[in-house]
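Take a look at the structure set out below.
Both counts, for ligands and for their atoms, begin at 1 and track the order of listing.
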Amino acid sequence: MVHYTEIVNATVETLNVDLGERSYPILIGGGLLQDAALLAQHVTGPDLLLVSNTTVAPLYSRTLEQCFPDRRIVQAILPDGESYKTLAAVGRLLDVLVANRFGRDATILALGGGVVGDTAGFAAACYQRGVAYVQLPTTLLAQVDSSVGGKTGVNHPGGKNLIGAFHQPVAVIADTTTLATLSDRELRAGLAEIIKYGLIRDAVFFAWLEESMDLLLAREPSALARAIRRSCEIKAEIVGRDEREQGERALLNLGHTFGHAIESATGYSGWLHGEAVGAGLAMAAAMSRALGTLDAEQVERVRALLTRTGLPTMAPDVRASSALDHMRIDKKVKAGRIRLVLLRGIGDAHVTGDYPDDDLRATIAAHFG
Ligand SMILES: NC(=O)c1ccc[n+]([C@@H]2O[C@H](COP(=O)([O-])OP(=O)(O)OC[C@H]3O[C@@H](n4cnc5c(N)ncnc54)[C@H](O)[C@@H]3O)[C@@H](O)[C@H]2O)c1
Ligand SMILES: [Zn+2]
């Protein structure tokens, strides 16, 4: 069990994801998982299913459980790993809900990283056509990305995230104290997504990241809280305007089409998602340079920040031809054309299918083996 060193709940930042009747708050702060009063405000229902995994549950589930002395809490602990983000895992969660006769007023608590959040969220979307769930993200990536926006789902042997549903949580409660136990590598993977937000929408935030990267890597609490808050603000704003990815939400895939090529060509092993996104951001910047929308100095800033964060900017272990094949089967291909998120400047991303194929091939050749 973890003993919190920070003062509980010194500051709680609250943001709102504005989706009409599906709106919900994002709460960010230290020690929130042991703040019974705050949790009680956002977690409703008499019956709670606490979903976590074998790594995170021993660290934080007891703390959380103690906050709900008057509720029935059933725990479902999944094995740890992306390979368990499956329909079988969802089936297990549904079995537990049924076995315990949970009703429509049940609430699912998703305590963990993106794998737990996506799996538990999808179970919540399916059970009795949808029950409430609360995201309690414990990785940096989950706190800035996967817990916000309502995309839930699991992998299929035929591809990642192929099965899922849009189902918004009733609240996202990000306890930044949990990041203390995260590995450096997972921390850096989360920072890749944070850099992504600066590149998409906010040059001032990007510049602040350049100044503050050492503090972030040292896990300085106020720097981390600020980075998480700004990232969530940007994601919430984009999701608020385009919940189901008809348009603008695709901007959030900056670096991801290139990144997915790395992940799928390497069989989703070896590289963390955030590492692949890091290299993908460098490639998106280079491609933007080839198209003349980014200058050499801006590309260098992107590469330098990724490097200082300890993220890769190349994928030498993936063959260029194989990377291109994997990009073509990416979900985001429309009418046979790979749509890319590219940059018109730092803080100004756009989606386009309008580029010479030669530039894409050259970018890939320069970054893959
Ligand atoms: N739904 C979305 O919008 C969305 C967005 C981005 C990513 N995702 C999904 O998120 C997943 C990746 O999420 P992730 O990077 O959080 O990976 P993850 O859930 O696998 O967590 C990474 C590792 O950290 C461990 N961990 C979690 N919290 C910890 C803590 N506080 N201390 C110590 N260890 C801890 C986990 O057990 C795991 O081993 C992928 O499946 C991806 O598809 C979803
Ligand atoms: Zn991502």
- Query: Within a strict 4.5 Å, meaning less than it, do heavy atoms of the Asp357 and Arg337 side chains meet?
  - Reply: yes
- Just distances here: any N/O of Leu179 and N/O of ligand 1 closer than 3.5 Å? no
- The atoms of ligand 1 lying under 4.0 Å from a heavy atom of Lys160, numbered in the order shown, are 40 (C), 42 (C), 43 (O)
- Has Lys235 got any heavy atom lying under 4.0 angstrom from an atom of ligand 1? yes
- Task: Return the residue, atom name and 0.1 Å-rounded distance of the protein heavy atom closest to atom 35 (C) of ligand 1.
- Result: Leu182 CD1, 3.7 Å
- Task: Would you kindly specify which portion of Thr138 sits under 4.0 Å from ligand 1, judged on non-hydrogen atoms: side chain, backbone, both or neither?
- Result: both
- What one should report as the nearest heavy-atom pair of Cys67 and Leu33 is SG-O, 3.5 Å
- Side chain to side chain, His42 and Pro25, heavy atoms closer than 4.5 Å: yes
- Message: I'd like to check which ligand 1 atoms, numbered from 1 as shown, lie under 4.0 Å from a non-hydrogen atom of Lys151.
- Response: 1 (N), 2 (C), 3 (O)
- Can you list the atoms of ligand 1 that are under 4.0 Å from a heavy atom of Tyr60? 31 (N)
- Query: Less than 3.5 Å between some nitrogen or oxygen of Val115 and one of ligand 1, yes or no?
  - Reply: yes
- Message: Looking at every non-hydrogen atom in both residues, tell me the closest pair between Leu254 and Ala284 and how far apart they are.
- Response: CD1-CB, 3.9 Å
- Note on the structure: One finds that the ligand 1 atoms under 4.0 Å from a non-hydrogen atom of Glu186 are 22 (C), 23 (C)
- Test Tyr133 against His167 for ring pair (Phe, Tyr, Trp, His ring centres under 6.0 Å), laying out the working first. CA-CA 9 Å; Tyr133 75 112; His167 184 51; 5.3 Å; yes
- Task: Between Thr55 and ligand 1, find which residue part has any heavy-atom pair under 4.0 Å and reply side chain, backbone, both or neither.
- Result: side chain
- Item | Shortest-distance N, O or S atom of His256 relative to the Zn ion (ligand 2) | NE2
- Task: Fit a plane to each ring of Phe205 and Trp208, take the angle between them on a 0 to 90° scale, and name the class: parallel (under 30°), tilted (30 to 60°) or perpendicular (over 60°).
- Result: parallel
- Close-contact set for ligand 1 against Thr178 heavy atoms, below 4.0 Å: 30 (C), 31 (N)
- Query: Taking all atoms of both residues into account, what is the closest heavy-atom pair of Arg185 and Gly270, and its distance?
  - Reply: NH2-O, 2.8 Å
- Note on the structure: of all protein heavy atoms, closest to atom 4 (C) of ligand 1 is Ser146 CB, 3.2 Å
- Message: As a check for students: among Thr139, Val144, Leu187, identify the option with a heavy atom nearest to atom 16 (O) of ligand 1.
- Response: Thr139
- Any N/O pair Lys85/ligand 1 closer than 3.5 Å: yes
- Query: Which angle, to the nearest 10 degrees, do you find at the Zn ion (ligand 2) between NE2 in His273 and OE2 in Glu193?
  - Reply: 100°
- Check Leu78 against Ala89 and note the closest heavy-atom contact, atom names and distance. CD2-CB, 4.1 Å
- Considering non-hydrogen atoms only, spot the tightest contact between Ala285 and Leu294 and give its length. O-CD2, 3.7 Å
- Message: For the 3.5 Å polar cut-off, considering only N or O atoms, please tell me whether Asn53 and ligand 1 meet it.
- Response: yes
- Taking C-beta and beyond as the side chain, do Phe166 and Lys151 meet within less than 4.5 Å on heavy atoms? yes
- Task: Closest by any non-hydrogen atom to atom 6 (C) of ligand 1: pick that one out of Thr177, Asp80, Asp145, Asn155.
- Result: Asp145
- Message: I'd like to know if Glu193 pairs up with Lys196 as an ion pair, taking the criterion as any Lys NZ or Arg NE/NH1/NH2 lying under 4.0 Å from an Asp or Glu carboxylate oxygen.
- Response: yes
- Task: List the steps, then state whether side chain to side chain donor-acceptor pair (under 3.5 Å) holds for Asp118 with Thr152.
- Result: CA-CA 4 Å; Asp118 282 10; Thr152 73; over 6 Å; no
- Message: Would Glu82 count as a contact residue for ligand 1, given that I'm defining contact as a non-hydrogen atom of the residue lying under 4.0 Å from a ligand atom?
- Response: yes
- Query: Counting both backbone and side chain atoms, is some N or O of His273 under 3.5 Å from an N or O of ligand 1?
  - Reply: no
